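Written below as structure tokens is the structure these notes are about.
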Amino acid sequence: MPEGHTIHRHARLQRTALVGRRVRAWSLQGRFDAGAARLDGGTVTGIEAWGKHLFYRWGDPDGDPTGDVLHVHLGLFGRFRTFAADPPPPTDGTRLALVVDGGPTIHLAGATTVEVITPAGIDAVVARLGPDPLRRDADPARFAAALRRRSAPVCEALLDQAAIAGIGNVYRAELLFRAGLDPDTPAREVDADAVEAIWDDAVALLTRGERSGRIVTVEPADVGRRRRSDLRRRDEQRYVYKREDRPCHRCGTPIVSWVPRSRTVWACPRCQRLRR
DNA sequence: ATGACATGATAAA
DNA sequence: TTATCCTGTCATA
């Protein structure tokens with residue numbers, strides 16, 4: 001579930017629910033007992049997202065900053081569940097519950113990182129991240145420079161959070177298809193126009209994903225009228241991700257996949273001019 | 001009941 | 001490169 005669009009969407013929706021509110025925090029799990037106790041009864045003064053990381057600035061009951069920051073990274077299968085009212089009992093896996101008095105309850109489970117850090121800790125995390133296409137302050141030149149520096153295949157560079165923050169396995173496959181690029185192309189050999197196109201497309205696709213909560217990358221023009229109803233099926237809403245052996249939406253050639261560095265990548269042999 | 005798998009990332013070897 | 005951590009869901013038994 002969680003690529004950058006999901007994280008920014010959580011930030012936006014949870015901002016509405018939590019910022020300026022007094023929040024009860026608790027955990028049934030030993031792994032975050034102390035952290036939850038520390039946050040319990042405080043206020044949320046702001047929520048920020050950078051790539052796949054979420055930062056919640058904490059305040060005292062009057063709203064004055066305490067210097068505590070809740071840092072969350074969902075990893076591969078972390079997830080939030082929000083309940084407007086009458087939350088169910090938390091599952092065993094619920095690491096943290098945030099409860100707004102008279103407001104929603106948010107359960108967090110499965111996350112790879114849930115910790116209390118400091119504002120300086122935010123800087124330390126962000127220092128390891130490349131520009132985030134969903135942030136207004138993002139500098140695309142840093143992305144371009146990161147690609148020029150890498151001899152690894154461009155498909156690996158796109159998953160490298162130090163090169164571009166927030167791209168995951170779905171978006172990388174779809175971005176490379178839409179750019180018409182062979183995933184095996186050495187990153188430094190991707191020409192400047194293509195790099196700019198990938199960045200712009202990342203901004204467009206992740207923005208769309210943030211708004212809808214889903215990753216839909218196929219352009220309607222690429223699907224014949226007869227097959228348009230198929231777009232309801234999730235695996236038809238993307239050009240290549242998890243579509244191995246299915247016909248390419250543009251040219252009908254069967255999509256292929258392979259596994260570099262234990263992350264499957266998909267591509268159209270014809271549209272992306274594969275050399276392999 | 002058990003196992004495979006998932007849109008992630010890190011540390012160790 | 002492999003092992004490991006995080007949890008829920010779905011398929012198979």
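In what follows, chains are A, B, ... by sequence order, proteins preceding strands, each numbered from 1. Remember, predicted model here, so these are calculated numbers, not experimental data.
- When the side-chain nitrogen and oxygen atoms of A:Arg81 are compared with OP1 and OP2 of C:dG8, one or more of them lie within a distance under 4.0 Å.
- Counted by atom type alone, A:Ser257 and A:Glu244 present zero donor-acceptor pairs between their side chains at under 3.5 Å.
- Nucleic acid contact class of A:Arg261 (heavy atoms, under 4.0 Å, all strands): base.
- For an aromatic pair to be called close, the ring centres must be under 6.0 Å apart, and A:Phe83 with A:His107 satisfies this.
- The residue A:Thr113 sits apart from the nucleic acid: no heavy atom pair falls under 4.0 Å.
- Put simply, A:Arg95 has a side-chain N or O that comes within less than 4.0 Å of OP1 or OP2 on C:dT7.
- Taking the C1' atom of each, C:dT1 and B:dT7 are spaced 23 Å apart, rounded to whole Å.
- Note: A:Trp58 and A:Tyr56 have tilted aromatic rings, judged against thresholds of 30 and 60 degrees for the angle between ring planes.
- In the set B:dA9, B:dT7, C:dC6, B:dT7 carries the atom at the smallest distance from any side-chain atom of A:Val170.
- In this structure, A:Glu174 reaches neither bases nor backbone, as no heavy-atom distance under 4.0 Å exists between it and the strands shown.
- Residue A:Arg128 is classed as a sugar-phosphate contact, given heavy-atom separations below 4.0 Å to backbone atoms only.
- By the 6.0 Å and 45° rule, A:Arg250 stacks over the aromatic ring of A:Tyr239.
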